[in-house]
Chemist: 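Below: one structure in structure tokens.
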Amino acid sequence: MRLAAVLACVLVAAACSPSTPALSWSDQLAADRAEKDRAFREDAASPLLPENKPSFTGLSYFAPDKSYRVPASLRVASGEARAIVKMPTSTGLLRDMVRVGRLEFVLKDQPLALSAFVEAGQPLDRLFLPFADLTTGRETYAGGRYLDLDRTPTGIYDLDFNRAYHPYCFYNPKYDCPYPPPENRLKVPVRAGERLSP
């Protein structure tokens, strides 16, 4: 083996070691949820109030359901559609968000769409999808839930509502969390992702 290849193996061991099989979708979801519980319980940056950490036993979720994982196509906004949207937040402020476009998808045989945003002045490398649905205020937080998606070069996205999460202001009022705009209030129930304790 040439010296350069040997050095590459030393510096990037994973690239030259036997590949580990990828986790199944359900196993990866379970692992990510367990890691989030650990971070909430142990990390200094946890949104939990100090007095709530000792009694924290884990976040509540709907059961994993692959029917809530669907492909979505981003229709990029231009002109006036790409305007800055002033989103009200949990602390009474307004957050300037740029509407990047609309993610179009079919969920439970219904064609739907959600606007995707980035915070004004931030790079367009990650899409922010605040949304509400018919579970909001009943089975999920009244302030809505969020999804985050890394930008793709194809404009096609893996939209997995099993990864929907409550904003940090649900756990701690010091956080400033945008509320979903009217255009992102789905008229269907989304029983996937984080939920209120049953």
Side-chain angles (χ1 to χ4, degrees), residues 14 22-23 25 28-40 43-48 59 61-62 64 66 68-91 93-107 112-133 136 140-141 143-172 174-186 190 192-195:
L23 292 176
W25 171 81
Q28 185 64 62
L29 186 66
D32 292 344
R33 289 177 173 183
E35 172 56 23
K36 187 170 183 178
D37 282 348
R38 185 210 61 75
F40 267 51
D43 283 3
S46 167
L48 293 178
L59 299 171
Y61 294 95
F62 291 101
K66 276 193 174 180
Y68 284 103
R69 182 187 184 192
V70 296
S73 175
L74 180 66
R75 185 181 296 274
V76 177
S78 60
E80 290 184 11
R82 201 180 176 92
I84 288 180
V85 176
K86 292 190 174 292
M87 286 189 193
T89 72
S90 56
T91 61
L93 301 175
L94 292 174
R95 184 88 61 90
D96 286 348
M97 307 293 288
V98 177
R99 184 189 294 108
V100 177
R102 295 277 282 170
L103 275 170
E104 300 174 345
F105 55 97
V106 175
L107 184 67
L112 300 168
L114 287 171
S115 289
F117 300 91
V118 295
E119 191 157 359
Q122 296 301 309
L124 300 177
D125 56 357
R126 195 159 172 83
L127 302 179
F128 173 59
L129 281 80
F131 73 95
D133 63 275
T136 302
T140 59
Y141 174 48
R145 291 181 290 166
Y146 297 164
L147 283 168
D148 300 303
L149 298 172
D150 291 328
R151 288 292 301 273
T152 70
T154 63
I156 304 300
Y157 290 82
D158 179 8
L159 186 59
D160 189 352
F161 286 97
N162 292 277
R163 295 187 174 277
Y165 63 95
H166 287 144
Y168 279 3
C169 55
F170 173 64
Y171 309 102
N172 188 329
K174 78 176 184 181
Y175 286 92
D176 180 59
C177 306
Y179 291 135
E183 66 203 77
N184 277 14
R185 295 174 188 167
L186 301 174
V190 178
E194 284 188 33
R195 62 169 298 168

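We use all heavy atoms of the structure for the numbers below, so side chains are in, but hydrogens, waters and symmetry mates are not.
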Chemist: Would you confirm whether D43, through its side chain, and A45, through its main-chain N or O, come within 3.5 Å as a donor-acceptor pair?
Modeler: no
Chemist: Using side chain to side chain contact (heavy atoms under 4.5 Å, CB included), reason through Y171 and F40 one step at a time and then give a plain yes or no.
Modeler: CA-CA 10 Å; Y171 309 102; F40 267 51; 3.7 Å; yes
Chemist: Mark yes or no for whether R75, through its side chain, and L103, through its backbone, hold a donor-acceptor pair below 3.5 Å.
Modeler: no
Chemist: Donor-acceptor pairs under 3.5 Å, side chain of residues 120-132 to any protein atom, not counting sequence neighbours: which ones?
Modeler:
| unit_1 | atom_1 | unit_2 | atom_2 | d |
| --- | --- | --- | --- | --- |
| R126 | NH1 | D150 | OD1 | 2.4 |

Chemist: Does NZ belonging to K174 count more than 12 external heavy atoms closer than 6.0 Å?
Modeler: no
Chemist: Would you mind checking if R33 and E194 are paired as a salt bridge, meaning a charged N to carboxylate O distance below 4.0 Å?
Modeler: no
Chemist: Indicate yes or no for a side-chain donor-acceptor contact from S90 to the backbone of Y175 under 3.5 Å, with no hydrogens or angles considered.
Modeler: yes
Chemist: At what distance, to the nearest 0.5 angstrom, does CD1 of I84 lie from CD of E119?
Modeler: 10.5 Å
Chemist: Measure the spacing between CG of L29 and CZ of R69 and express it to the nearest 0.5 Å.
Modeler: 9.5 Å
Chemist: Under a 4.5 Å cut-off applied to non-hydrogen side-chain atoms, are D158 and P71 in contact?
Modeler: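 Heavy-atom side-chain distance check fails, nothing below 4.5 Å.
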Chemist: Regarding Y165 and D148, do their side chains bring together a donor and an acceptor under 3.5 Å, going by distance alone?
Modeler: yes
Chemist: Short question: side chain of N184, backbone of S115 - any donor-acceptor pair under 3.5 Å?
Modeler: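 Here the side-chain-to-backbone pair exists.
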Chemist: Listed by chain and number, what are the ring pair (Phe, Tyr, Trp, His ring centres under 6.0 Å) partners of F105, not counting sequence neighbours?
Modeler: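 With neighbours one apart ignored, the set is F161.
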Chemist: Are M87 and L94 side-chain neighbours, meaning at least one heavy-atom pair lies under 4.5 Å?
Modeler: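 A side-chain contact under 4.5 Å is absent here.
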Chemist: Would you kindly check if the NZ (Lys) or CZ (Arg) of R99 is within the cone defined by 45 degrees around the ring axis of F117 and under 6.0 Å from the six-membered ring centre?
Modeler: no
Chemist: Distance only, no hydrogens: is a donor on one side chain within 3.5 Å (strictly under) of an acceptor on the other, for N162 and W25?
Modeler: no
Chemist: Within the 4.5 Å heavy-atom criterion, are V118 and M97 side-chain neighbours or not?
Modeler: no
Chemist: Please report the interatomic distance CG(L114) to CG(L149), rounded to the nearest 0.5 Å.
Modeler: 9.5 Å
Chemist: Answer yes or no: is there a donor N or O on one side and an acceptor on the other, between the side chain of H166 and the main chain of Y141, under 3.5 Å?
Modeler: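 Yes, the answer is positive, given that a donor and an acceptor are paired below the 3.5 Å cut-off.
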Chemist: Ignoring hydrogens and geometry, is there a side-chain-to-backbone donor-acceptor pair from R163 to A192 under 3.5 Å?
Modeler: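 Judged by distance alone, no pair lies under 3.5 Å.
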Chemist: Nearest 0.5 Å, please: how far is SG in C177 from CG in L93?
Modeler: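 If I round to the nearest 0.5 Å, the distance is 11.5 Å.
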Chemist: Any carboxylate oxygen within less than 4.0 angstrom of a Lys/Arg side-chain nitrogen, looking at D133 and R185?
Modeler: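 Looking at R185 together with D133, the answer is no, because their closest N to O distance does not fall below 4.0 Å.
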